[in-house]
Visitor: 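My structure is below; once you've seen it, I'll send some questions.
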Amino acid sequence: MFRNLNPAQQRAVMHTKGPLLVVAGAGSGKTRVITYRIAKLINEEGVKPYNILALTFTNKASMEMKQRIESLLGQKSLDILVSTFHSACLRILRRDIEKIGYSNRFVIYDSLDQIALIKHCLDEIGSPKEDHSVKSIANGISLLKTSLREPMTKDSLEFSNRQDDIVNKILPIYQKHLKNNNALDFDDILILTVKLLLSNQDLLAYYQNRFHYILVDEYQDTNYLQYKFVYLLAKAHQNICVVGDEDQSIYGWRGANIDNILNFEKSFKNALVIKLEENYRSTRNILDASNNVIRKNKQRKGKTLFTKNKRGNKIIYYRAFSEIEEGDFISRTVKSLCEKAKATYKDIAVFYRTNAQSRVIEDSLRKSGIAYQIIGGLKFYDRKEIKDIIAYCRFVVNSDDSISFNRIIKTNMHGIGKVTMDKINNFAMENNLSPCQAIRKIIEQEKFSGSAMKKLKKLNDLLNKLRKFAEENRVSEFISFIQLETGYIDKLLRENSFEARNRIENLKELVTAAKCFDENNLNSTVNGFLDVTSLASDIDDFDEKQGAVALMTLHSSKGLEFPMVFIAGMEDKIFPHVRSFYNEDEMEEERRLCYVGMTRAKNRLFLLNAVRRKIYGTDQENPSSQFLNDIPDEFMENVSPRKQQVPKTWKREFPARKGKNPAGKKVNHPFFGDGIILKKEGTKEDETLVIFFKRAGKKTLKTKYANLKIL
DNA sequence: GACCATTTATTTTTT
DNA sequence: ATAAATGGTC
């Protein structure tokens, strides 16, 4: 059975007892090792499938793993729990969250709900919103929560009491509101699970005993909480196998902790480390070029992949004049690949650094009549119309959920506006009531004047009607009922625009998804459906069987492979992204991202960029990506229209004139916009400028990198 | 409360 | 360029 494994893979499969770290390079047969190892546990060691837990990050990865295991083991495999971290934790919480003082009817707030809640918090403390970007606060909150260490052992979540920054100030208020709304954000799902296990030894023992063998995929992307969760479960039996590759860690900005994999041997004593360094995916040219790129990083355990595959074609480098021409090159090449290299659309993928880049490429593909499929971007469950309907669902399940209630009001279908809404919210806050209780009270006491009262009563009746219907019908029927009964569909029909019709299609799709859920779950509940929708993402249903070129960000490409890959926008400031230039760790992460992108390609790789490109409406000229400089000529062929000089370093459009004080000069920065120089510090290489930007405020920048234009 | 004009902020985002 | 959020008027 294990003949078709190489020696390293065999060792990984055979080591079934005790901690094991498999450092699996790109395309080194990682999935094969995982599935064979599970097969060995069950077929040869007599381990019950029920005692095995396999953790992944995405639903797609877990579905794929399920399929691979099933094709190897058949029926037996169905009892293995193959799940994402979040859905595994969610199961645990739904069962036992009451043990730590929460109701198990909690709802899950996604990133958009989180933003709405943070805005509410900012209002509450009277902090002017323009001082801070809500998104960056959300990011800060998540980073703080996922790296949280001590508070989990305490009774309440206590966070750093430093009041000097907005994140620390907002966090306790934010947590208070989550609790009041009986809602958890994504991070809470992990935090509270760990907290639950820490505070209930019996429960912990139960799960330790249940999951005697644990396997974690993409271990390099775990954050502190996920590490803690795995550590707790595996602590007793130590049968923990993690698979990962530090060179493919690209979610550091979301709190993924690369140290988890770098320090695995410290966390689990006597761990065996096996490196899988033979690549079965890419041609030698592609692999060698990728190795040259990743070699520059310092934060590595260090490994060099090799392959017995043939050398293959050289990587193609094309420097276009504009982003439009870059797109046209892709279209042209896709066509010729399909004609000459007998490729089909589904063999081809285009990666880019930011979602905004996809539009130009789409335009070009569409013009050329090439079918394409975009992965990522606006998620299905993030669409306005979907969120609106889901808000009704949530509120029916959990009437403490003020975010959903606010959303229902904002659908503008109940004739209740900002004034009435504020009154309700204030009344609720003053009397410490949930919005639902507040309405009931207001109606009882006839608190408002005629028309507002009437509308409120009507809304209350509607909500009661929905509640009743939900109890007596299946989820899909309920979703359909909401769409009709609230007048949501009617309103869209009346609009009669292209956009409205599109929204109606999406709402139908939602009903279909619910039907699917009903069919798969005999006792389907609204709450169960909400859990699925909360944890769903778009890459989950990416189907490579469709005959279409796949377009996605480099981040989304992780874990996938394609015979032919284009990476567009390989320019400094685009990729590596401008925000990484001031931080070495972030620059290393960009480099890993480049490595991930390149190693997706099996046969052909095309690296593209443009001399000029329109960004946010203005033209920008960027030198080609510094990562390209690390690919030796022997692996890459330049087919650009004209030999073009590729500046090795950034153009210094603002040379520091000797002795002259630049203070007071007006300058323009490509990212921060217009500003005025306040003062100069340091000299030569270390020279920095303190600049006040109209939009971005005071910034300190290195002259060398800032790429300023004098105005 | 609806509508239009103005302002603002735009990395990546497995869950 | 562009979409979303905010602000002002009717």
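Numbers restart at 1 for each chain; the letters A, B, ... are given by sequence-line order, proteins then strands. Worth knowing before you read on, the calculation uses all heavy atoms, side chains too, and leaves out hydrogens, waters and symmetry mates.
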Visitor: Is it possible for you to check whether A:R394 lies under 6.0 Å from the centre of the six-membered ring of A:F405, through NZ or CZ, and within 45° of that ring's axis?
Guide: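 No, a cation-pi geometry is absent between A:R394 and A:F405.
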Visitor: I'd like to check A:I258 versus A:R592 (side-chain heavy atoms, cut-off strictly below 4.5 Å). Are they in contact?
Guide: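 Of all side-chain heavy-atom pairs linking A:R592 with A:I258, at least one is under 4.5 Å.
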Visitor: A:Q357: which residues meet the side-chain hydrogen bond (donor to acceptor under 3.5 Å, both in side chains) condition with it, sequence neighbours left out?
Guide: A:T354
Visitor: With side chains defined as the heavy atoms from C-beta onward, is the minimum distance between A:D221 and A:S249 less than 4.5 Å?
Guide: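 Yes - at least one pair of side-chain heavy atoms lies under 4.5 Å apart.
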Visitor: May I have the distance from A:Y251 (atom OH) to B:dT13 (atom P), rounded to whole angstrom?
Guide: 6 Å
Visitor: If you only use heavy atoms from C-beta on, which nucleotide in B:dT14, B:dT15, B:dT13 is closest to the side chain of A:W253?
Guide: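 It is B:dT13.
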Visitor: Does A:D187 form a side-chain hydrogen bond (donor to acceptor under 3.5 Å, both in side chains) with A:T146? I'd like the steps, not just the answer.
Guide: CA-CA 6 Å; A:D187 300 323; A:T146 49; 5.3 Å; no
Visitor: Just by distance, with hydrogens left out, do A:Y595 and A:N297 show a side-chain donor and acceptor under 3.5 Å apart?
Guide: no
Visitor: Polar-atom pairs under 3.5 Å, protein N or O versus N or O of nucleotides 8-10 of chain C: list them with distances, or write none.
Guide:
none

Visitor: Under 4.0 Å between a side-chain nitrogen and a carboxylate oxygen: does that hold for A:K367 and A:D363?
Guide: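 Not counted as a salt bridge, because no side-chain N and carboxylate O are separated by less than 4.0 Å.
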Visitor: Under 4.0 Å between any heavy atoms, over every strand shown, what does A:D221 touch: base, sugar-phosphate, or nothing? Just pick one.
Guide: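 Here A:D221 touches the bases of the nucleic acid.
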Visitor: Which label fits A:H120 and A:H177: parallel for a plane angle under 30°, tilted from 30 to 60°, or perpendicular past 60°?
Guide: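 Answer is perpendicular, since the angle exceeds 60°.
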Visitor: Just the table, please: protein N/O against nucleotides 1-5 of chain C N/O, every pair under 3.5 Å.
Guide:
| residue | atom | partner | partner atom | Å |
| --- | --- | --- | --- | --- |
| C:dT2 | OP1 | A:R359 | NH1 | 2.5 |
| C:dT2 | OP1 | A:R359 | NH2 | 3.1 |

Visitor: Rounding to an integer number of Å, can you tell me how far A:K573 NZ sits from B:dT12 P?
Guide: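 Computing the A:K573:NZ to B:dT12:P distance gives 18 Å.
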Visitor: Quick one: list whatever passes salt bridge (charged side-chain N to carboxylate O under 4.0 Å, His left out) with A:K30, sequence neighbours left out.
Guide: A:D217, A:E218
Visitor: Just how far, in rounded Å, is P of B:dT14 from CG of A:L593?
Guide: 14 Å
Visitor: Relative to the 5' end of DNA chain B, which residue comes earlier, A:F57 or A:T354, by the nucleotide with the nearest heavy atom?
Guide: A:T354
Visitor: Has A:H86 got its ring stacked on the base of B:dT15, with centres under 5.5 Å and planes less than 30° apart?
Guide: no
Visitor: How close or far is atom C1' of B:dT15 from atom CG of A:L143, stated in whole angstroms?
Guide: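 Taking atom C1' of B:dT15 as the reference, CG of A:L143 is at 15 Å.
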Visitor: Any luck finding a side-chain donor-acceptor pair between A:Y219 and A:Q226 under 3.5 Å?
Guide: no
Visitor: Could you give the CD-to-P distance, from A:E218 to B:dT15, as a whole number of Å?
Guide: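 A:E218 atom CD is separated from B:dT15 atom P by 12 Å.
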Visitor: Kindly express the pairing pattern of DNA chain B in dot-bracket notation, using | wherever a base pairs with another strand and counting only Watson-Crick or G-U pairs under 3.5 Å.
Guide: ||||||||||.....
Visitor: Answer yes or no: does a side-chain N or O of A:S556 lie under 4.0 Å from OP1 or OP2 of B:dT14?
Guide: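 For B:dT14, neither OP1 nor OP2 has a side-chain N or O of A:S556 closer than 4.0 Å.
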Visitor: In whole Å, I'd like the distance from the CZ atom of A:F380 to the P atom of B:dT13.
Guide: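 Atom CZ in A:F380 sits about 19 Å away from atom P in B:dT13.
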Visitor: Would you say B:dT11 has OP1 or OP2 under 4.0 Å from some side-chain N or O of A:R353?
Guide: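 No.
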Visitor: Taking the nucleotide of DNA chain B with the closest heavy atom to each, which residue, A:I250 or A:R254, is nearer the 5' end?
Guide: A:I250
Visitor: Rounded to whole angstroms, how far apart are NE2 on A:H555 and P on B:dT13?
Guide: 7 Å
Visitor: Under 4.0 Å: is that the gap between some side-chain N or O of A:N355 and OP1 or OP2 of B:dT13?
Guide: yes
Visitor: Sequence neighbours excluded, which residues qualify as salt bridge (charged side-chain N to carboxylate O under 4.0 Å, His left out) partners of A:E571?
Guide: A:R613
Visitor: Would you call the rings of A:F211 and A:Y207 parallel, tilted or perpendicular, where under 30° means parallel and over 60° means perpendicular?
Guide: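 Answer is parallel, since the angle falls under 30°.
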Visitor: Using whole Å, report how far CD1 of A:I115 lies from C1' of B:dT10.
Guide: 12 Å
Visitor: Any side-chain N or O of A:N59 under 4.0 Å from OP1/OP2 of B:dT15?
Guide: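 It does, given that an N or O in the side chain of A:N59 lies less than 4.0 Å from OP1 or OP2 of B:dT15.
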